[in-house]
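Each chain gets a letter, A, B and so on, in the order the sequences are listed, and its residues count up from 1. Just so it is clear, the model here is predicted, and its values are computed rather than measured.
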Amino acid sequence: MSADHLPEHPDFLWRNPEPKSSYDAVIVGGGGHGLATAYFLAKNHGMTNIAVLEKGWLAGGNMARNTTIIRSNYLWDESAAIYEHALKLWEVLPEELEYDFLFSQRGVMNLAHTLGDVRESIRRVGANKLNGVDAEWLDPQQVKELCPILNISDNIRYPVMGATYQPRAGIAKHDHVAWAFARKCDEMGVDIIQNCEVQGFVKDGNRVVGVKTNRGTINTEKVGLAAAGHSSVLAEMAGFRLPIQSHPLQALVSELHEPVHPTVVMSNHVHVYVSQAHKGELVMGAGVDSYNGYGQRGSFHVIEHQMAAAVELFPIFARAHVLRTWGGIVDTTMDASPIIGTTPVENMFVNCGWGTGGFKGTPAAGLTFAHTIATGAPHELNKPFALERFETGALIDEHGAAAVAH
Amino acid sequence: MLLISCPNCGPRDETEFHYGGQAHVAYPENPNDLNDREWAEYLFYRDNTKGNFAERWVHSTGCRKWFNMLRDTVTYDIKAVYKMGEPRPDLTNEAISPEGASK
């Protein structure tokens with residue numbers, strides 16, 4: 001086939017401008033969270049003289065590497081509030097951004113395999129309902145009806161004893177989400193600057209006044225850090241510490257299959273989560289590699305373990321093949337909750353610590369972080385997620401409470 | 001998978017070990033004198049180094065002894081393995097490559 005037969009290259013969705021010498025605000029990190037923040041800064045706060053700096057290409061970090069699960073069935077009030085707000089935004093964003101990123105509300109099931117799981121799950125369903133989050137408890141037969149390929153017999157090591165179910169949860173096309181935000185940001189005048197690595201900060205006393213990059217120094221009144229796994233590296237450049245640890249988190253896909261899996265299934269106990277992407281590949285993930293790592297790859301036994309869990313729960317997957325595995329760098333906190341707020345450096349703000357759960361939070365991270373940057377004070381939703389909670393002890397401990405381990 | 005040289009048992013698969021996070025974090029000498037900020041530092045703040053990182057590991061299914069390791073958190077190369085209580089090796093002049101070290 002000659003090149004003549006190829007379709008025209010589509011128009012780019014955003015410009016690739018040269019960085020200006022100064023902006024009203026600079027967002028470091030051109031992933032989902034950085035782009036959503038820029039979007040809400042422009043839309044809700046009228047700040048359009050802003051830039052998003054990305055050291056690689058747009059949305060090539062965790063935004064390109066997650067398993068795209070969106071849900072809000074968290075136990076604690078603070079978490080339920082912010083994740084449910086995110087879910088409500090997911091429901092309206094395709095129209096608002098004029099871009100159908102295939103948000104598919106096919107439901108998410110969190111399996112229970114032990115008596116402890118059952119009790120925790122039923123408690124969480126109750127807590128969710130009180131917080132206005134849709135949730136129900138399913139017995140094994142109802143689990144089977146919703147997802148016929150699941151093995152609910154008691155011939156496996158950890159039989160399925162039931163599940164929580166959130167019907168409004170689901171998946172979306174992660175790349176398209178980033179492109180949808182990027183296009184709207186660009187339309188409103190935001191400069192998205194790729195291949196622009198931050199190498200340091202310019203400070204006047206304790207106030208940040210500029211960003212040093214491989215493409216020159218950019219003056220700015222405000223800086224928002226949205227760099228996930230690399231947040232500690234940036235914080236160190238700025239002269240403060242963050243209570244996060246960066247770990248590899250791996251995921252994998254199979255080859256394409258006919259639609260066999262109608263929902264999203266997560267199991268904390270045997271530890272795997274599985275959905276089937278729109279194209280047909282089975283998408284799986286599990287927990288982080290135990291060691292600290294910035295390598296965007298992990299150890300194979302972690303992949304092996306999650307596949308073993310998947311095959312036990314879904315016997316037909318035994319005939320599928322692993323097509324590709326990869327890793328991202330996730331920024332974990334001790335209480336498995338994000339940090340969104342001010343920092344010890346004046347006019348510098350941070351959004352990090354989302355760990356393994358950042359994709360679902362993208363719209364709420366953007367909304368609350370933009371509010372924090374624009375007004376200098378947190379939004380009602382991110383007030384509890386301040387850095388200070390590690391001093392006051394007001395932790396939001398979602399470890400084991402967030403339906404899956406983070 | 002990492003191939004880790006246990007100082008007592010020799011090279012073994014990573015699956016035999018458990019991770020213990022940053023090494024050389026001492027318990028506060030005068031705990032009663034610490035303010036909330038200092039307690040937060042001790043409890044929740046750890047270095048998150050990109051590059052050579054001194055960390056603790058335990059050989060859970062072997063000798064069950066803790067030891068320290070210097071590992072590059074980008075390449076995952078193990079630069080040195082040393083015993084608890086020993087200072088962090090200085091790698092400025094020579095690269096120490098223990099037997100069985102692996103990417």
- Item | With sequence neighbours excluded, residues passing salt bridge (charged side-chain N to carboxylate O under 4.0 Å, His left out) with A:R215 |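 Partners of A:R215 under the salt bridge (charged side-chain N to carboxylate O under 4.0 Å, His left out) test: A:E18.
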- Message: Holding to salt bridge (charged side-chain N to carboxylate O under 4.0 Å, His left out), I want the full list of residues that pass it with A:D335, two or more places apart in sequence or in another chain.
- Response: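 A:D335: salt bridge (charged side-chain N to carboxylate O under 4.0 Å, His left out) contacts with A:R389.
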Nearest-0.5 Å distance, [atom1] of residue [X] to [atom2] of residue [Y]:
X      : Y      : atom1 : atom2 : value
B:F17  : A:Y291 : CZ    : OH    : 13.5 Å
B:M1   : A:D289 : CE    : CG    : 10.0 Å
B:T15  : A:E304 : OG1   : CD    : 9.0 Å
A:S299 : B:Y76  : OG    : OH    : 8.0 Å

- Message: Between A:H301, A:Q296, A:E388, who has the most heavy-atom pairs with chain B when the cutoff is under 4.5 Å?
- Response: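 Highest number of pairs under 4.5 Å: A:H301.
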- So A:R241 and B:E41, side-chain contact (heavy atoms from CB on, under 4.5 Å) or not? Walk me through it. CA-CA 9 Å; A:R241 293 176 95 197; B:E41 281 283 334; 2.5 Å; yes
- Any residues in residues 53-69 of chain B near chain A, with a heavy-atom distance under 4.5 Å, and which are they?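 Only B:F53, B:W57 of residues 53-69 of chain B have a heavy atom under 4.5 Å from chain A.
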- So, for A:Y294 and B:T49, which heavy atoms are closest and what is the spacing to 0.1 Å?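 The pair with the smallest heavy-atom distance is CE1-O, 3.2 Å.
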Could you pull out all donor-acceptor pairs under 3.5 Å where a side-chain atom in residues 223-237 of chain A meets a protein atom, sequence neighbours excluded?
| from | atom 1 | to | atom 2 | distance (Å) |
| --- | --- | --- | --- | --- |
| A:H230 | NE2 | B:K50 | NZ | 2.8 |
| A:S231 | OG | A:A228 | N | 3.3 |
| A:S231 | OG | A:A228 | O | 2.7 |
| A:S232 | OG | B:N48 | ND2 | 2.7 |

- When heavy-atom pairs shorter than 4.5 Å are enumerated against chain A, which of B:D36, B:L43, B:D47 gives the highest number?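 Of the options given, most contacts go to B:D47.
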- Side chain from CB out, backbone as N, CA, C, O: work out which of these in A:I244 comes under 4.5 Å of a heavy atom of chain B, or both, or neither.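 Both backbone and side chain.
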- Message: Do B:Y19 and A:N292 have side chains that approach each other closer than 4.5 Å (heavy atoms only, starting at C-beta)?
- Response: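 In contact.
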